[in-house]
Amino acid sequence: MQILLRGVGLLPIAPLFFRPQAAQAAPYTHRLALLIGNGDYPVPHDLPPIQKNVMDLGEALAFRGFDVTQAMNLDENSLQSTVEGFVKRVAQAPPNAVTLFYYAGHGLQVESNNLLLGSGANPTAPRRDLLASSLVLQQKLLAALPARPQALNITVIDACRTDLRNSLGDGEGLNQVEAPLGSLVCFSTGAGKPAVSPASGDQNTFYTGALVKLLRESASHITFNDLFRMVKAEVESTMLNHPLAAIRRLAQIPFIADNTRVQVPLVVPVPALAGASAPQSMSPQEEVDWLTIQSAQWPLDLIRLCQSFLKLYPDSIQARSVMVYLTGAQLALSVLRHKEVKLFKTSFVLPQPLPPQQHEHGNTDLVRAARGDKDAAARIARLHRELGTQQSQLRYVGWLQYAGGLGNGIACYELALYYREVAQPLLAAQAEAQARQLGYSPPRALGHARK
């Protein structure tokens, strides 16, 4: 674990997690994290909680086996070079490594670009100046990191800061993004929305506080994918039930973009290690029921399976994950009941024939779509589009409608472009309006292409 302070070199810190040599070759044990906290901005835009965020999250990640580098109050040039250095380290890591990038500070959107502001920058400066002097998240990090289909790249952005005196935040909020292959991208608040920042340096922000808590408390078998959905639920619940009306009014709905191929647990069990304790096990029937849930591809079936599992095994080691799936399936079912969404149970099957690998990935996306995963739904839509048949075009539209209903603004805009191509301007305008309502701002080049 290392700390990088402004004007100071990397400082090594004793790791909080010891990984024996025997475990080094196991998958997912090579873990790298870069945590950047920018809280030093011109008053009144300074952010007192940021240092606590970085220190607490660093300890929690070290506990989970990450080699953590912390960087505080980086100006524009230091921010760019530190991120570039991290991208190079990730490129040199094994294919099955797990990486995590975290940024807490001011972030905003200019011309569809998500900007991370260097320390000392004024968030109210002219947007053109900020675009030229800030780190562009999509280009400098998400697109620069190598794809990791065998493991996981995690990006966590706790930005778009505001306080209770300013409900507008520091700009338009971040734009929706799609996660690159093998990546999980998490924002502390929804696209185009602000995130509340406490005025005290003794408090974490709501999102990072929930993330630290769940990293420390969650069982080792919980996957990172489920963990971040638990964080989302915790933030929503905490803020919506907060005693202060102003916080309830600004309640954050965190954003998740998921394009992972594998499910990585918080800690990989290594039974061969001397003294390693065996994980809590499930009964044979409990495991059968759990595996049945894992393969369910229709939301209504999934709801019934999850409710039955929680009734039969309320203390199961998988109960928290099942709750996550149940919540997602309930959202999915509510979207499917909208009259605008033309999808049915027969739509939740893959088109035939498909190459074996594409079939495997498609089945995985069907399972995720049943759990309310907006990005998996969009990928299923594009799978149908590639076939080019009349039925596949209908399924393409239906799956984009479903993805949009789940909150995918990018899918809504794709649907708008499709409607323009087939000369349905009214439907195109409605889909574009929905995309913008969900917080997606299309790149200017796409806007110029519209008729």
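Under the rule for a ring pair (Phe, Tyr, Trp, His ring centres under 6.0 Å), the partners of Y418 that lie at least two apart in sequence or sit in another chain are Y396. The ring pair (Phe, Tyr, Trp, His ring centres under 6.0 Å) test applied to F101 returns no partner, not counting sequence neighbours. For H242, the ring pair (Phe, Tyr, Trp, His ring centres under 6.0 Å) partners at least two apart in sequence or on another chain are F206. For F348, the ring pair (Phe, Tyr, Trp, His ring centres under 6.0 Å) criterion is met by W298, W399, Y402, not counting sequence neighbours. Scanning for side-chain contact (heavy atoms from CB on, under 4.5 Å) contacts around A429 gives an empty result, with sequence neighbours left out.
Remark: L115 CG to L131 CG distance equals 5.5 Å, nearest 0.5 Å. Distance check: L240 CG to Q252 CD gives 10.5 Å after rounding to the nearest 0.5 Å.
Salt bridge R382/E386: absent, no basic N to carboxylate O contact under 4.0 Å. Electrostatic pairing of D258 and R371 does not count as a salt bridge here, judged by no charged N lying under 4.0 Å from a carboxylate O. Contact check on K88 versus E84 returns no salt bridge, with no Lys/Arg side-chain nitrogen under 4.0 Å from an Asp/Glu carboxylate oxygen.
Residues E340 and V335 fail the side-chain proximity criterion, which asks for heavy atoms closer than 4.5 Å.
R31 contributes a side-chain N or O that, together with a main-chain N or O of R64, makes up a donor-acceptor pair within less than 3.5 Å.
Sorted by first then second residue, the side-chain hydrogen bond (donor to acceptor under 3.5 Å, both in side chains) pairs that include residues 321-334, not counting sequence neighbours, are D226-S321, D226-Y325.
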